[in-house]
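Worksheet: one structure, shown below.
If you read the sequence from its start, that first residue is 1, and numbering goes on from there.
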Amino acid sequence: MIATSITYDLVFLTHIIAAVDTLIVFIVMRNSAQAIVRGADESVQRTKFPNRRNWAARVLHVLPITGLIMSLSGDKSVSLSKPWIGVGILCYLAMAGHLEARTLPQERALAKVIAEDGGAPPESGRAFLKSIDILLAIFAVALISMLVQF
């Protein structure tokens with residue numbers, strides 16, 4: 001389906017860039033969680049967990065928009081009836097739900113504790129690390145599904 005039109009290719013490129021950006025953000029968040037687990041000092045924790053919203057993690061929400069545009073405007077090889085498209089949609093819903101309901105609230109709580117107390121306990125970092133690992137596992141399922149296109 002690639003190289004059928006400039007518009008489709010631009011949407012596809014945007015989809016790929018959003019996926020790579022999402023992966024980078026999740027890896028950076030994981031590294032920040034590992035810093036807490038390892039007992040990083042106050043200045044490192046304050047740098048990695050500023051007391052503000054994480055808008056970068058929300059680049060994830062670009063994926064279903066561009067994916068649906070490609071699926072709805074493409075030919076039958078990328079139609080919504082393809083199983084790998086369904087897997088991608090389910091993975092997005094799982095990631096978005098987990099990100100918004102669990103991971104980002106944990107991150108805000110960690111940032112608040114770090115701002116008030118100067119550091120977060122390693123147990124909190126471990127819980128946040130597990131949450132990020134869940135996101136990365138779901139992302140891996142989606143990525144494999146998109147690459148294999150069973």
Side-chain angles (χ1 to χ4, degrees), residues 2 6-73 78 80 82-150:
I2 299 172
I6 293 174
T7 305
Y8 186 91
D9 290 347
L10 288 174
V11 173
F12 179 72
L13 182 63
T14 303
H15 189 73
I16 298 301
I17 290 170
V20 170
D21 286 351
T22 298
L23 183 60
I24 290 169
V25 168
F26 289 170
I27 290 171
V28 168
M29 290 170 70
R30 189 175 196 286
N31 288 337
S32 298
Q34 285 178 324
I36 292 176
V37 171
R38 292 183 184 132
D41 64 4
E42 178 181 342
S43 64
V44 171
Q45 287 190 28
R46 285 184 191 272
T47 301
K48 292 186 179 288
F49 290 90
N51 200 8
R52 63 178 184 254
R53 290 203 176 273
N54 183 350
W55 292 107
R58 290 181 170 95
V59 73
L60 168 74
H61 301 307
V62 173
L63 293 173
I65 296 167
T66 55
L68 286 172
I69 290 170
M70 288 186 301
S71 187
L72 295 173
S73 66
V78 292
L80 290 174
K82 296 293 182 182
W84 57 275
I85 300 286
V87 170
I89 292 169
L90 288 175
C91 286
Y92 164 74
L93 292 172
M95 280 191 294
H98 187 76
L99 178 72
E100 298 292 346
R102 178 119 174 121
T103 307
L104 292 178
Q106 279 181 322
E107 184 182 48
R108 282 192 298 274
L110 280 171
K112 185 177 178 185
V113 167
I114 292 167
E116 292 173 357
D117 301 339
E123 304 81 43
S124 298
R126 279 188 205 92
F128 185 59
L129 187 64
K130 286 179 187 176
S131 186
I132 296 295
D133 285 342
I134 290 168
L135 287 171
L136 287 169
I138 299 168
F139 188 91
V141 170
L143 179 62
I144 291 167
S145 171
M146 297 298 123
L147 293 175
V148 173
Q149 295 183 16
F150 52 88

Quick one, Phe128 with Leu110, criterion side-chain contact (heavy atoms from CB on, under 4.5 Å). Give me CA distance, side-chain angles, the key distance, then yes/no.
CA-CA 9 Å; Phe128 185 59; Leu110 280 171; 3.6 Å; yes

Please step through side-chain contact (heavy atoms from CB on, under 4.5 Å) for the pair Leu72 and Leu80, ending with a clear verdict.
CA-CA 7 Å; Leu72 295 173; Leu80 290 174; 3.8 Å; yes

Which is it for Val11 and His15 under the side-chain contact (heavy atoms from CB on, under 4.5 Å) test, yes or no, and what are the steps along the way?
CA-CA 6 Å; Val11 173; His15 189 73; 5.6 Å; no

Let's go through Trp84 and Val78 carefully: what are the C-alpha distance in whole Å and the side-chain angles of both, what is the deciding distance for side-chain contact (heavy atoms from CB on, under 4.5 Å) to 0.1 Å, and is it a yes or a no?
CA-CA 9 Å; Trp84 57 275; Val78 292; 4.1 Å; yes

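For the salt bridge (Lys or Arg N to Asp or Glu O under 4.0 Å) condition, the pairs that include at least one residue of residues 22-37, sequence neighbours left out, are Arg30-Asp133.
Taking CE of Met95 as the start and CG of Leu90 as the end, the distance is 11.0 Å to the nearest 0.5 Å. The distance from atom CD1 of Ile27 to atom CG of Leu136, rounded to the nearest 0.5 Å, is 6.5 Å. Interatomic distance, Asn31 CG to Phe26 CZ, rounded to the nearest 0.5 Å: 14.0 Å. Taking OH of Tyr92 as the start and OG1 of Thr22 as the end, the distance is 10.0 Å to the nearest 0.5 Å. For the atom pair Ile132 CD1 and Gln34 CD, the distance stands at 10.5 Å (nearest 0.5 Å). Put simply, OG1 on Thr14 and CG on Leu10 are 6.5 Å apart, with the number rounded to the nearest 0.5 Å.
Scored by the side-chain hydrogen bond (donor to acceptor under 3.5 Å, both in side chains) test, Arg46 finds Glu42 as partners (sequence neighbours excluded). For Thr7, there are no side-chain hydrogen bond (donor to acceptor under 3.5 Å, both in side chains) partners, not counting sequence neighbours.
Using modelled atom types, one side-chain atom of Asn54 and one backbone atom of Ala56 make a donor-acceptor pair closer than 3.5 Å. Judged by distance alone, the side chain of Ser32 and the main-chain N or O of Val28 form a donor-acceptor pair under 3.5 Å. Put simply, the side chain of Glu100 never gets that close to the backbone of Gly97: no donor and acceptor are under 3.5 Å apart. Using modelled atom types, no side-chain atom of Ser71 and backbone atom of Gly67 make a donor-acceptor pair closer than 3.5 Å. His98 contributes no side-chain N or O that, together with a main-chain N or O of Thr103, makes up a donor-acceptor pair within less than 3.5 Å. Remark: side-chain polar atoms of Gln45 are paired, donor with acceptor, to backbone N or O of Ala40 under 3.5 angstrom.
Taking 4.5 Å as the limit, every side-chain heavy atom of Gln106 sits out of range of all side-chain heavy atoms of Leu129. By the 4.5 Å heavy-atom criterion applied to side chains, Leu23 and Phe139 are counted as neighbours. In this structure, Lys48 and Ile36 have side chains that are not in contact, with every pair of non-hydrogen atoms separated by 4.5 Å or more.
Residue Leu147 places its CG atom among more than 12 non-hydrogen atoms of other residues, nucleotides or ligands, all under 6.0 Å distant.
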